[in-house]
Each structure stands twice: as structure tokens, then as C-alpha cells.
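Below: one structure, written as C-alpha cells.
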Amino acid sequence: MDLAVRDLKLHKGRFLATVLGVGLLFTIVLTMNGVYRGNVFEGTALITHTGPDLWVVERDRGGPFNEQSSLPEILADSVAAVPGVAQASPFIYYPVERSIKGVSRRFSIIGYEVFGGLGGPRELTRGRPITQAHYEMVAHEKLGVRVGEKVPLGLHTFTVVGLTREAVATDGEPLVYLSLADAQEFLFQRDNEEVRNQRERQRRSLAAQGVSPAQVERLLPHLAPDTHIINAVLVRLEPGADRVQVATHIRDWLYLSVFTTQEEVELVIRGRLARMSAQLLFFRTLLLLVSVVIISLVIYTFTMEKIRSIAVMKLIGAPNWTVVRMILEESLLMTVSSFLIGLGLIYSIVDLFPRKILLLPGDTMFTFLVALVGGVLASVLGVWQVLRTPPGLALGGQ
Amino acid sequence: MALLEVQGITKVFGHGHLEVRALDGVSLTVEAGELVALMGPSGSGKTTLLLCISLILEPTSGTVVFDGQTIYRDGATWLDVRRLRREKIGFVFQTANLIPFLTARENVLFPLTLVGTAPKVAAARVMELLEYMEISARADYLPALLSGGEQQRVAIARALANRPKLILADEPTASLDTARGKKVMALLKRIAREHRTAVVTVTHDPRMIEGFDVIYHLKDGRLENSPERT
């Protein structure tokens, strides 16, 4: 005979209300888990999907995802010449906000060498990869464009030739792949007005230094800003090459920073995501504590309401464990039922969130175990009340 | 040998100038199958005596011998008192004190599960008792759906579940009208006679103890005169 089930059956209204309330709290806890994991997933998906053997960035920078890294494009050739390097490709990653179909959208541009270079999209859901040097783009499905659509970006109009969904930018926004040259032009080339203004500033500056007008006109094209800038060089090693040795060579001889994909992932997690992780952990802990407090108060109230019955049980010889087990089971039943409601709810609404909520079985299991421990703790007040109830209370006091 | 021998039981609450002597050298004996009534005004120590007999409350001094075993002597007890209560003593209270979330059947079953009775045997025993108490038709009702008299009959069935040698009843008719009260007392008498179960009952009401074998009168924690034997 299960005393806990019988008791809860009698108080099913209150039981259901409690379970629903605490279940909603568990939904939030599980959502927080998913938000954190989703952020880590989105924040690192591009890094792991791109997945070169080494990332070469500006010296003492963690970039290109953690902070800005700028390198001259020519350095890709220097890296390619390092012993053990099979391929070195220039890579651009740059978050922007531009108008797409009349709506201001945030997305990130990736520029890569479209003819065999590293860093391009691996799998397309529709269309084809970029096959021309200019004015073609592959976009993430989240951007909301279709294959064949013309999208004006900067000074040019690009044709969407393919769609992907394999990775998003580190901030969860969609990616747009362009050829390296297009990306450089789009990101680093100023508009005509700005170019004219700069030329005029330079012309005056040179004239003020006593340079003749003819010399100024000859010099001006050479003073135009360089757009052959990249953010990183992606490296594929030769089979059997020592990753550490190659990285050391690049660091020592080219004065650049080098990271493996795993190190780059850790940089992002330790950098941008660390504080958010701590924030969410704190929030999750608070919510779990609130859940435990609510359950313990409900259990305590349930216990106090049947204190006379508990005295009767003890008086007719029920061992403490029989009564303690009833309280414990009630607490655990409430915890488990609430958790199941929370779990069911989060799985049914997970796709409605604007950003990825990644629910991992390990996290869910861990939260469940913490909730179970909380359920046991929640029964402590009730159990304490059981242990101190004198059996004589059943007879109307001592 | 008497089933229950209580010798010189004293129970003192508090100490110093706050000391209250609830029982003062009370001695009594109860034979198997005997019907014993404890009478006296409120505060005379009747309930305290029941609690001390069943060791729910530990006496301050004295001796309690039950079923040939000294279960208490001058501040010491040598056995598992809860086991003693669940195996050998049944309780009937002023109000039925049924467990509200268990049906009548489950309330009677509960003490049987405590002693590990096999489920089939226990189920048969429960039905036997409910039929004996003429309440089997309401076996699956929760206590809240039973009348006061029906609840008290279920409570008696529960007290009888483990075939106790002694039933301690604390004013079992107090919450019932006279007719229902008399029925309950008649049941207790029948049980004592048919099962040779001793019944010690506390009551205020002399009308309820017609036919009892022994009547003890308590006043200020002491027994008045000798017991009345009928």
C-alpha cells in the first residue's frame, strides 16, 4: 500500500497545481541550459565546421572570432611556404548590418578563396557553390533569401547561388559567403564619395608639403587604402606533419599567433561565453533553489495537515521509516512530476525560440539529478516534523 | 497470571514548583478477556495511564508487566515498544482517527502490512473484520464518506487487525450519540468475550460500561478505593 500515492490522490487538486507551477520553473531551468548550450553551439559551430588544422591570426590576437585580427593577404603565401603546410587560405569573417529586401538585417560575411580554398560552405541545402570570382553568394537559410535572388550589397548586386544551414555566425546570426575579393571590396572599400573626399584631403596635404600638382596626381593612386586585408589564414597540414612544430615555426618566423581549432573554440568559450555561462549558472541555481523551497513548503504543509494521522500511525506501531518514506515519496513524486512537465513543455516549445535552444541529454539528466537531490532536501522539514510528532497526539495530547 | 500488571506507576510532569504529579502510585491488573473501565473526572490521569500502559509515555517510576514480560521498570524498558504496540495492543480513540487518505479497507489493512502479513491473508482478515463490524459494504469508502458510528467501527476493526491481546480505548463513545455509543461498547464487549481480548477503556459515562468486569475510579492521579468487580 503506497501511502504517498493515496495521500496525493486525495489532494490531487493541490498536487496538480503545485506540480504545474514547479514544472514551469523547471521549464525555465531547462531553457537556461538550452540557451547556454545553444550559445556555445552557435558561437563555436562556424569554427568547428570550418575546421582547419591551424588558424593563423594577427600576433597577440585571439581572432578572428574573439577579437579583430587584420593581416595583409600576402601573408597567406608566407604561411603556405612553411614546411609541413599543405595549403594556406586567406579568410575573412566580418559581422555587418545591411538592408536585405528593405529590412535591416544583421549577418556575417565570410570571404574565402572560391577556387579550392579553405573556409567555404561544406554542405548546401539548395543550389551550388560559388563558381565565379565575383558577384555570387551563398547564404544561410535564416537570411530569408532564395536561390536566384539578386541581393544588392555595397556597390554591387550579388546573385544567390546556394543556400546552407550547417553553421551560423558566432552571434547566432546568418552567414553570407562571398569570394575573397568581393568580401574585401565589400568590407574595406569605401564608397565613391568617401574616396573622393579622401583624395581631396590627401591632395591638400601633399600641396601643403610643397609637392607639385603634377607629382600629386602621380602619387595619389598609390596612396589609395589597401583592400587586400584578411582576418586569418586557414592552414591544412601535410599528412604526418607535426602541428606543434608548424605552429611554432609560424609564431617564431612570421610573428603571428597560431591556434588549433580546439584552441580557437576554447578562446571563444573562455572569452565571450564565459561570463554568460556564469550568469546562466547563477540564474539556474536560483531557480532550482526556488523550486526546492516551494516543494518543501508544500510538503511541510501536507505533513502538518496530517500530523494527527502520523501520530496515529506511530501509535499503532508504524516504524518511523514507514512515515518518513511517505513524506520522501511525496516530495520525490512532486519533483519528478514537475520535472516531467517541465521537460515536456520545453520540448514542445523549443522551436519557437528565435535563437537555438540546444537540449543535451547529459544536461537534462544532470538537472534531473540535482532536482532529485532538491526533492530529498525539500522533504527535510516534513521529515523533521514526522520524527518529532509524539504518538500520544493521537489520543488528544499528553 | 494476569495479562497486564501495573505496579506503583507514577508519572510526574515538570519539576520544582511546576511539578505536576499526573499519576501517583497507580496499580492495577487486567486478565485476558477482561473488560476494564477507567473512570474519573477530567484531569484525573485516565489518558495518561493508558499512555503509560502502552509506553507511549514513559512512566517516572513503577513497573509494567505485560503478557508475562516486564516491559518497564523504574525508568528502563527492554524492548521495541513500537513492535509491542503493533503486535499486541490495539487502540481505539475518542474520535475514530482513521487515516483520511485510506479507504476503510486500507485503514484496517495498514496494521497488517506493518507486521508483514502476506497480502492474501491480510485481505481475507480485513474482509472478515469488516463483516464482523457490519461495515463491509462500505469497505472502499474514504473515512470522510462514513458516518461517525461507521468510522468508529472501522477503527475497532483496525484495532483488532493483528489479533491484539489488549485493546486500549480512550473514550471511544465520546463523539457518538448514546445509541451509537452503546453499540460500540457492545462490540467491544463481544470482542472481549469472543476473542479473549482484554479491553481497557477510559470513559466518563457510567451508562456505557454496563456489563464491564472491573471498574477503576481515578482522582488526582490516584485510584480511589478498591476496584469494583461485577
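Order of the sequence lines fixes the chain letters, A, B, ..., with proteins taken first and strands second; residue numbering starts at 1 for each chain. Computed from a predicted structure; not experimentally measured.
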Most chain B-contacting option - heavy-atom pairs closer than 4.5 Å, from A:His11, A:Met313, A:Lys9 | A:Met313

Would you say that more than 12 heavy atoms from the other residues, nucleotides or ligands in this model lie under 6.0 Å from the [atom1] of [X], or not?
X: B:Arg196; atom1: CZ; value: no
X: B:Asp220; atom1: CG; value: no
X: A:Tyr347; atom1: OH; value: yes
X: A:Arg355; atom1: CZ; value: yes
X: A:Phe353; atom1: CZ; value: yes
X: A:Gln279; atom1: CD; value: no

Under 3.5 Å donor-acceptor, [X] side chain and [Y] backbone:
X: A:Arg6; Y: B:Phe101; result: no
X: B:Arg85; Y: A:Gly317; result: no
X: B:Arg82; Y: A:Leu315; result: no

Locate the shortest heavy-atom distance separating B:Pro100 from A:Leu10; write the atom from each residue and the value.
-> O-CD2, 3.7 Å

Got a second to check how far A:Ser309's OG is from B:Asn97's CG, nearest 0.5 Å?
-> 7.5 Å

Engaged part of A:Asn320 at the chain B interface, taking heavy atoms whose separation is under 4.5 Å | both

Select one option (side chain, backbone, both, neither) describing which atoms of A:Leu3 are under 4.5 Å from chain B's heavy atoms.
-> both

Interchain contact, [X] with chain A, by part (heavy-atom threshold 4.5 Å):
X: B:Leu102; result: side chain
X: B:Leu109; result: both
X: B:Ser54; result: neither

Would you tabulate the side-chain donor-acceptor contacts of residues 321-331 of chain A under 3.5 Å, counting partners in other chains and residues two or more places apart, or write 'none'?
from	atom 1	to	atom 2	distance (Å)
A:Glu330	OE1	A:Lys306	NZ	3.3
A:Ser331	OG	A:Gly375	O	2.4

Verdict with reasoning, B:Phe93 to A:Val312, per side chain to side chain contact (heavy atoms under 4.5 Å, CB included) = CA-CA 9 Å; B:Phe93 312 100; A:Val312 170; 4.1 Å; yes

Is any side-chain heavy atom of A:Ile316 closer than 4.5 Å to a side-chain heavy atom of B:Arg86?
-> no

